[in-house]
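The sequence lines fix the lettering, A, B, ..., with proteins before strands; numbering per chain opens at 1.
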Amino acid sequence: MNRNTPVKPVDLAVRVCGLRLKNPVIAASGTYGYGAEYRRLAPPADFGAIITKTVTLAPRAGNPPPRVFETASGMINAIGLANVGVEAFLRDKLPGLRRCGALVIANIAGNTADEYARLARRLDGAPGIAAIEVNISCPNVRHGGVAFGTDPRVAASLTRKVKKAAKLPVIVKLSPNVSDIAAIARAVEDAGADALSLINTLYGMAIDSRRRRPVLGNVTGGLSGPAIKPVALYCVHQVCQAVKLPVIGIGGIRSAEDAAEFMLAGACAVQVGTATFADPGAARAIARGLAAYCREHGFGKASDITGALHK
Amino acid sequence: MNRNTPVKPVDLAVRVCGLRLKNPVIAASGTYGYGAEYRRLAPPADFGAIITKTVTLAPRAGNPPPRVFETASGMINAIGLANVGVEAFLRDKLPGLRRCGALVIANIAGNTADEYARLARRLDGAPGIAAIEVNISCPNVRHGGVAFGTDPRVAASLTRKVKKAAKLPVIVKLSPNVSDIAAIARAVEDAGADALSLINTLYGMAIDSRRRRPVLGNVTGGLSGPAIKPVALYCVHQVCQAVKLPVIGIGGIRSAEDAAEFMLAGACAVQVGTATFADPGAARAIARGLAAYCREHGFGKASDITGALHK
Amino acid sequence: MTCSANPRPAESQTAVRIAGNRRVGAGVHLLRFRAPAIARAAQPGQFLHLLAPGMALLRRPFSIHDIDGDGIAILYRIAGQGTALLSRLRQGEPLDVVGPLGRPFAIENGRPHHIVVAGGIGIAPLQLLLRRLRAAKLSPLLCYGCATKTELRPHLRVKRIVATDDGSCGAKGFVTAALEAALDRYPGAQLYGCGPWPMLKALAAIAARRRLPCQVSLESFMACGVGACQGCVVKAVDGYRTVCHDGPVFESAAIDWDQEPVV
Amino acid sequence: MTCSANPRPAESQTAVRIAGNRRVGAGVHLLRFRAPAIARAAQPGQFLHLLAPGMALLRRPFSIHDIDGDGIAILYRIAGQGTALLSRLRQGEPLDVVGPLGRPFAIENGRPHHIVVAGGIGIAPLQLLLRRLRAAKLSPLLCYGCATKTELRPHLRVKRIVATDDGSCGAKGFVTAALEAALDRYPGAQLYGCGPWPMLKALAAIAARRRLPCQVSLESFMACGVGACQGCVVKAVDGYRTVCHDGPVFESAAIDWDQEPVV
Ligand SMILES: Cc1cc2nc3c(=O)[nH]c(=O)nc-3n(C[C@H](O)[C@H](O)[C@H](O)COP(=O)(O)OP(=O)(O)OC[C@H]3O[C@@H](n4cnc5c(N)ncnc54)[C@H](O)[C@@H]3O)c2cc1C
Ligand SMILES: Cc1cc2nc3c(=O)[nH]c(=O)nc-3n(C[C@H](O)[C@H](O)[C@H](O)COP(=O)(O)OP(=O)(O)OC[C@H]3O[C@@H](n4cnc5c(N)ncnc54)[C@H](O)[C@@H]3O)c2cc1C
Ligand SMILES: Cc1cc2nc3c(=O)[nH]c(=O)nc-3n(C[C@H](O)[C@H](O)[C@H](O)COP(=O)(O)O)c2cc1C
Ligand SMILES: Cc1cc2nc3c(=O)[nH]c(=O)nc-3n(C[C@H](O)[C@H](O)[C@H](O)COP(=O)(O)O)c2cc1C
Ligand code: FES
Ligand code: FES
């Protein structure tokens, strides 16, 4: 490069449903705790936003161990939504995260649509929460345990209830374990969601052939990490063609190129989960790498990458 | 081990819907061509059975290249069911395979249920075909291109038509890209299928961030290989609890331990696909390794592994 | 969070080069590298989360075996793919190290005796503990059990009782039996232990019976290593606790010993 | 199948040890190992499907660059993760080799002249071809184009015309232009080529215009390498053809040159 040409700074900031993220890299729910745990290794300030571990109304102990296991280029987990409950979250966890100046998105889950609505209402008033991400991959106890995210009508009615309960932007997090993720996305869009994030983990299982036992205490779990990236890219690509809502891409992202792929497919931001376990510096490296990617491709700002896939 | 104890030979043979396979390792459709291609590196005789590339009524040229791409511990492919068509298959491909003494299972796909039925009828009379595997992951042109394997009723009616058209055992190959694979399995069982095989590939996509283009000529493709093993194990486990039919496990199997995991989850045999590309000797090594596994665990025959998961 | 005082040393992510990596027993290797910040800060019982080139995805946790100036030593047993890969790395090759992590052993100066109980590779975190106990003039006793004589590691010169499964050195049988036989001579001792679950369970039972304080170091599959994912829990009497952050060192009385973790 | 006579040498899967692996140019390495059966059987233009320890999943195809007694040489350019990994392997490390695979160059003895056109790393399969042409006393002419002088490989002593992009050696510009200028002196020549698609496309156009027979070696992503998966096709004038089995060597007239493959 010509040494006399000043390198034009790349604007990494992106806008997602009214929020301004200083960069497109978001910590994925459940992989970053409540922010404090990684404060030294992967400071909240490195991320465009932080999504906290799913909270439920009451605290949850979670599943019996083992809860995590490594698989080929991935891992499965069955944490069982272990969390401190919404009240302890607001009281003990949120203040610290606020002091770091992080943009905080709270992720919620319930056993019934009413529980989701109550959680949304409770969080809506709380200072320091920028948006709500709704984890719809949970079993709906009222409907035989079938996940809320599986049926377009159920997902839509859940979205409507949460929207009614909260003035904050509502991001609905989609499950990939469905026949037609675009249909769910459209239903959720029509129901008033402000943004979509995808994908949550794929259903998976591991067996210990030596002990002839399922590895996980919960028998089955959720698959994440680089192994699922092609599935996640497929889902993001399908959903971006089906809806106009902003989409946040998730699944196996560990490099700036990975992040760029999701943005090219139409995502306006990305979440990083499993990669942080392997490399706590991943988010920072991805944000930097996206700036370099923009420079190479002549994009003035990171948001220009979104949808810039040649047809 | 005591040198005087003669090692009791392990019986590797398994029975699947009336067929006797000399070992539980089957070549997966589309990864072993019509048998001739691998005749030196992975002889048909190493396998318990050979499943040939999906055949359609008319020959198919397939998708534009690139058709395959490596991903983290996996690969995606969009071959587009390129095949010589059923007549050339019977005339040019089958005789050679028969001479090798391989147990041949023919895999079929159509654009309509009628096409499937015609294929089944045509193959039913042909000498040297032991069973028919029905690839129901294909788009149903009569129903807006939604795959046959996505809707329990569609899958069931397809199964009934094929069963009516053929006296040979019918193995229905399930797609994992559904909300509830157990529901599909039950529907197909009720419709008279003789066995189930699962899983076919997961929908996936790859993007070349440098060229800003989808990698595959077909844009999207199917993910296979070790990356999908946890998903495949999950599906096999779910289906084995839901049906009484024999189940053949497929997905990311590359070692005897992998094969044992699927059998412990309830599969009576396994298919090996992508692993053969990496190691043409994989099938042989898996069969040998299963014998060793049986010895270690005190199983007299490979079929004892099926379902022997401690609860 | 950032504002609260934290008594534990600050963890960091550091790129190091391997200074040495050699076999020191059957399937047991000793890895060495320089990491001044960790060497200064780390306390016995803490662990490092390691990523070696070629490792598939997740890091692997290893106790800090010893510290010598700026140098760190890790004693590890080949248990699977990750440790097998580690054992093939040579001097000069890179390692990515996160740590020091986890709750260390607390050295209870007030106690009249200090007994350190090791089972097999469980000696790993205890060498540094013994060193620090000795430095504090607390003259620790080591009770060391392993399968056979050749598994015993050379280590610090401390008083010791040895037990081997095959009787090739010291008493034949479990180290906890040997400990039990000796305990009358050490009233009010503080116990510290690391080793296989059944050994620790027996140790915890002895401690409970004799009302002795006992700290044990536990293991678990890990993902994050910092308490963020809740992946590495063990069952404690009052619920699940993370091994990486609430442990790996626990009071033995706090653990539900009927819930053997599968590792 | 097993019963039909096959004119191609039989392929096998063989475990070998690396005899040498060194850098011979910018990002270009030369790998050597012993494989007697392959060395005996292989024909120029055929390739080997290699799996090195640490490679993620699929094999990587490489042309046979040269054969010396029992020894095989592979000339490769670092193009991504697999080749980067390969370049770090040292003498004595294992490799799993499948081959020889694919349709070789056909040496057309009847032709008055034999011109071998190489672009960059495209020299890889052509060294063995030149050797066999020379052995058959067909005195081949090599037309060799690359970016700059230092990329030129030492190779057999054959007649040659060189072109470099920067003019640092031979003519400045495309090798196909240099070839064109020389072709009048070689009426009725048989052409053989390997290199980047645009070069081969230009070569095919020259061959078509002058009605010269021309064989080209093509590349593609591969999975099976033996014609089983239909994964590696290129567009030929009459449909798709597998590079691994129908090729990698094709008559240039058989290829649809408007369909540049993405590799
Ligand atoms: C806090 C802590 C400190 C440790 N310190 C040491 C040490 O100093 N020296 C040492 O040799 N080992 C130590 N371990 C155990 C070590 O982490 C495992 O042996 C290692 O992770 C296995 O990795 P692998 O890839 O070789 O095995 P894998 O292929 O992952 O698994 C092989 C087998 O190892 C076991 N295993 C896997 N992960 C763990 C784990 N996290 N804990 C226990 N067993 C596991 C499983 O039973 C599995 O069957 C420690 C573990 C923890 C949690
Ligand atoms: C029949 C045949 C013979 C070949 N002979 C040689 C040879 O002698 N010397 C040599 O240096 N290379 C040769 N190649 C190309 C070589 O196979 C690729 O460069 C190699 O597979 C790249 O692997 P990688 O893991 O380093 O790259 P990857 O990380 O897989 O990809 C990096 C880049 O390499 C390219 N690439 C990947 N696979 C292929 C492929 N199969 N063909 C072409 N480009 C690819 C892609 O553009 C990709 O962006 C040959 C290819 C074929 C098909
Ligand atoms: C250990 C672990 C715990 C998780 N917990 C949650 C959770 O509580 N809520 C949620 O919505 N997603 C949860 N996820 C899913 C992630 O947020 C993310 O969607 C998924 O892991 C895919 O991204 P990745 O491949 O980058 O990890 C969890 C993932 C992991 C690995
Ligand atoms: C290149 C390729 C082609 C395939 N073609 C077919 C096919 O024609 N019909 C079919 O039913 N399955 C096809 N499959 C799917 C496999 O049979 C198998 O279900 C899948 O690859 C998962 O197994 P694996 O991980 O062992 O490869 C194909 C898979 C690959 C990789
Ligand atoms: S490993 Fe994540 S909480 Fe312990
Ligand atoms: S790579 Fe499979 S057909 Fe060529």
S.K.: Is any side-chain N of the basic residue among C:R88 and C:E93 closer than 4.0 Å to the acidic one's carboxylate O?
M.R.: no
S.K.: Please classify the contact of A:P226 with chain C as side chain, backbone, both or neither, using a heavy-atom distance under 4.5 Å.
M.R.: side chain
S.K.: When heavy-atom pairs shorter than 4.5 Å are enumerated against chain C, which of A:P43, A:G225, A:A61 gives the highest number?
M.R.: A:A61
S.K.: Does any backbone or side-chain atom of C:R241 lie under 4.5 Å from a heavy atom of chain A? Answer side chain, backbone, both or neither.
M.R.: neither
S.K.: Heavy-atom distances under 4.5 Å only: say whether C:M55 touches chain A with side chain, backbone, both or neither.
M.R.: neither
S.K.: Name the option with the most non-hydrogen atom pairs under 4.5 Å to chain A; the candidates are C:C229, C:A56, C:G239.
M.R.: C:C229
S.K.: Honestly, is A:K53 close enough over A:Y32, meaning NZ or CZ under 6.0 Å from the six-membered ring centre and within 45° of the axis?
M.R.: no
S.K.: Spell out, as yes or no, whether a donor-acceptor pair under 3.5 Å connects the side chain of A:K22 to the backbone of A:A45.
M.R.: yes
S.K.: Which region of A:D279, side chain (C-beta onward) or backbone (N, CA, C, O), has a non-hydrogen atom less than 4.5 Å from a non-hydrogen atom of chain C, or is it both or neither?
M.R.: both
S.K.: Is any side-chain heavy atom of A:V236 less than 4.5 Å from a side-chain heavy atom of A:I248?
M.R.: no
S.K.: Any salt bridge between C:R59 and C:D96, counting N to O under 4.0 Å?
M.R.: yes
S.K.: Under 4.5 Å heavy-atom distance to chain A, tell me which part of C:L58 shows up: side chain, backbone, both or neither.
M.R.: both
S.K.: Step through the shown structure and confirm whether more than 12 heavy atoms of other residues, nucleotides or ligands are within 6.0 Å of CD on C:Q81.
M.R.: no
